[in-house]
Enquirer: 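Quick one: the structure is below, and I'll ask about it shortly.
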Amino acid sequence: MQNGKIGVTTENIFPIIKKFLYSDHDIFLRELISNAVDATQKLKTLASIGEFKGELGDLTIMVKLDEKAKTLTISDHGIGMTAEEIDKYINQIAFSGAEEFLEKYKNQSIIGHFGLGFYSAFMVADKVEIITRSYQENSKTMEWSCDGSPEYTMQEAKKQRDRGTDIILHLSEDSLEFNDAARIREILKKHCSFLPVPIAFGKIKEWKDGKYVDTDKDDIINDVEPLWTKKPADITPEQYLEFYRKLYPMAEEPLFHIHLNIDYPFNLTGILYFPKIRNNFEIQKNKIQLYSNQVFVTDSVEGIVPEFLTLLHGVIDSPDIPLNVSRSYLQSDSNVKKISSYITRKVADRLNEIFKQERADYENKWDSLKIFIEYGIITDEKFAEKATDFVLLKNVDQKYFTLSEYATLVKEGQTDKNGNVIYIYATDKQAQYSFIAEAQERGYDVLEMDGQLDNHFISWFESKNQGTRFARVDADVIDKLIEKETKRKMALTTVQQDLLRPVFDAQLPKDDKIHFNVVFEPLDEKQQPVVITQNEFMRRMKDMAAMGGGGMPFYGQMPDSYSVVVNGNHPLVAEILDEVEKGYGADELKGINKKIDTATTDENNLNELLKDKKEEEIAQAEKDKRTELSKKLDELRKERTARLEELGRGNKLVGQLIDLALLAGGMLKGESLNKFIRRSVEMIEK
């Protein structure tokens, strides 16, 4: 019998292992199973090269839980260990403290480094035993035991076992969550579902005499040859679907898949699926499972693969991905970064291939693909460079175009007087129907941009394509959406516009969250008398701020700003002007206008006299006069505005035109809509 002390110089290393070796304690089982797989695979390798000549026999790794004894046992039939190997791999952990311990191993793959993986057992166990026998001839069965202190015992066992190793964990009181068969099965399924050696836990159950009973067949919990380890040529489309259903039982069928298979400059295999992503932005970023030699590493891959790839589903497996203690190190590992770049390129190449070979099918799937591709474009420059060949624009007539095809389509007809090509788009075909119809009547094409990332995509596109600008179909009246050289004359004078502005203001909705600004434009008399538009830049900034990206936060706090565009050339507007002038009274209106003109002239004359003087050089009498004139002019204007607003509030035609404009923009609701309907009936009856 041998007694000794494990090669550590601090008494505190085991508590440190228990708390800090891994963030998730359930990984202990992954490590112990991985060691058992390593031992089994090494034996198979030795057999293949003739160094082991015995029978391999049943190589199934057995996991047994004794809930009464509170023990968990992992048994393999691999190469086992001699006393010298136990000393080398288990007893000689050469470090002087916790920091050096972590530093020593952080850059190494755990699988294959038996000692470190083995010591994860002490995260959950008060005592760990090893019963092992080497594959070598004349070897003895050795027993090793440690109670979580640096002290251990090792001796030859009284009872011999066959080749292989048993690891027996005596679970600690604070880790009894693992003294539960369902919990162990859950961990095995999570971490070990695709390991290359059969793993058995319990027996297969069958229904008999009204209850489930154990059979004599071991319950193998893993698939030793998962689909990604096979050649794509040997896999049918149905097998790809079956594998997806196995990974994600509740998910809809994917759009298509990419089979990854590379052996230089690194090793990587895997299958990535494009899921159906709806426009409600149902993004889940924990659907790619990362493996190393079929050992599960993580399904939280942000920072390991480019962000947009986290929208994909599937598996990636690479022996070059380290199974280390620090996930932050994993994110910065050079091999992982190379793998990320490769996957990005493969995804882009596959999309381009599908687009070129099966364009009709690609277009049918575009609505589901769009959010993924736009996400890639706005977050990954390399992907964006490739994606310009297969990103599509869809118009309101459900026709699809590549970027170059669309540029050719609209360049001639939608170029403004400054040489900018204007891409007109709608975000809601129903709410913006009247604007779309008017644009199409002009011969313009209207894109459908109703996705959550379209604002970001538009900003990216405009930054890459100088001279091309997006404008939402309701961002302005059609004549100003794409401004041409020719310009119509305005039927209304500036004075008449000043008269009508308070009239229309009087019947606009009053809301702290919405600001309306009345403007007059010289539109065709056949166009709508009143149109409500929203500035493209301000609306886009607010939309992006609302999404939490792009636009500055203060835009999100500003009220929505709309322009109430009055068609100065429309007959109904001329009719309203006539009614207002009559209602005000010709002489009375002329009188107030004259007073305003006189007060304006007096104020302008005084300002002209004072313009060259500094404020401190102006006499008090002159300051008083200036204040008096300003106050008088303000009072006169307020008097006229109050009267005009009164006339406006009583003018049913003004209310009707404003409500029609609000209705066209989907902004007329509730009580206002009810009033509009009643007023419409009254006007029809007359």
Side-chain angles (χ1 to χ4, degrees), residues 1-8 14 17 28-29 31-66 69-94 110-122 125-171 195 197-200 218:
M1 180 174 179
Q2 174 183 336
N3 294 319
K5 182 177 286 190
I6 294 168
V8 296
F14 281 95
I17 288 174
F28 82 91
L29 191 53
E31 293 301 291
L32 297 179
I33 296 288
S34 296
N35 291 337
V37 169
D38 272 2
T40 306
Q41 297 289 68
K42 286 174 183 175
L43 183 71
K44 290 165 72 175
T45 300
L46 293 173
S48 69
I49 61 177
E51 289 192 19
F52 173 67
K53 301 184 185 300
E55 292 292 326
L56 289 175
D58 183 3
L59 296 178
T60 301
I61 295 167
M62 309 296 293
V63 181
K64 297 177 181 177
L65 179 68
D66 187 332
K70 301 177 185 176
T71 61
L72 181 66
T73 303
I74 296 94
S75 303
D76 68 67
H77 300 283
I79 57 173
M81 289 183 288
T82 62
E84 292 76 12
E85 287 170 331
I86 294 174
D87 230 11
K88 179 179 179 181
Y89 295 119
I90 303 298
N91 296 337
Q92 300 302 317
I93 304 177
I110 285 174
I111 192 165
H113 292 262
F114 190 81
L116 185 59
F118 165 74
Y119 273 94
S120 67
F122 287 97
D126 287 332
K127 178 182 177 183
V128 179
E129 297 177 85
I130 301 173
I131 301 173
T132 184
R133 182 176 182 180
S134 172
Y135 74 97
Q136 299 174 32
E137 290 185 18
N138 303 318
S139 60
K140 304 293 185 182
T141 299
M142 301 301 298
E143 292 179 347
W144 179 97
S145 177
C146 179
D147 62 1
S149 70
E151 304 292 337
Y152 72 88
T153 62
M154 184 170 66
Q155 62 187 355
E156 185 177 333
K158 294 177 181 178
K159 183 179 180 181
Q160 295 296 313
R161 66 152 288 169
D162 57 0
R163 174 201 74 228
T165 302
D166 295 336
I167 307 291
I168 305 166
L169 279 65
H170 297 262
L171 297 169
L195 284 172
V197 177
I199 301 163
D218 291 330

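Quick caveat: nothing in here was measured; it's all calculated off a predicted structure. This chain uses plain numbering: 1 for the first residue, then up along the sequence.
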Enquirer: Going through the checks in order, is the side-chain hydrogen bond (donor to acceptor under 3.5 Å, both in side chains) test met by T141 and Q160?
Expert: CA-CA 5 Å; T141 299; Q160 295 296 313; 2.9 Å; yes
Enquirer: Using a 3.5 Å distance criterion without hydrogens, assess whether the side chain of Y135 forms a donor-acceptor pair with backbone atoms of H77.
Expert: no
Enquirer: Should I74 and I33 count as side-chain neighbours, where that means a heavy-atom distance under 4.5 Å?
Expert: yes
Enquirer: Side chain of R133, backbone of T82: donor and acceptor closer than 3.5 Å?
Expert: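 Not a single qualifying donor-acceptor pair exists.
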Enquirer: Drop me the distance from Y119's OH to I90's CD1, to the nearest 0.5 angstrom.
Expert: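 It comes to 6.0 Å.
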Enquirer: Kindly determine whether V128 and H170 satisfy side chain to side chain contact (heavy atoms under 4.5 Å, CB included), including the steps that lead there.
Expert: CA-CA 6 Å; V128 179; H170 297 262; over 6 Å; no
Enquirer: Go through it in stages, so that I can follow the logic: the residues are S139 and S134, the test is side-chain hydrogen bond (donor to acceptor under 3.5 Å, both in side chains), and I'd like the CA-CA distance, side-chain angles, deciding distance and then a yes or no.
Expert: CA-CA 6 Å; S139 60; S134 172; 4.8 Å; no
Enquirer: Count the heavy atoms of every other residue, nucleotide or ligand shown that sit under 6.0 Å from CD of E55, and state whether that count exceeds 12.
Expert: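 Open: at most 12 neighbouring heavy atoms sit under 6.0 Å from CD of E55.
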Enquirer: Is a salt bridge present between D166 and R161, judged by a nitrogen-to-oxygen distance below 4.0 Å?
Expert: yes
Enquirer: For the residue pair V63 and T73, establish whether any side-chain heavy-atom pair is separated by less than 4.5 Å.
Expert: no
Enquirer: Compare all side-chain heavy atoms of F28 with those of L169 and state whether any distance is below 4.5 angstrom.
Expert: yes
Enquirer: Less than 4.5 Å apart, side chain to side chain, heavy atoms only: is that true for V197 and T60?
Expert: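 Contact flag for V197/T60 side chains = no.
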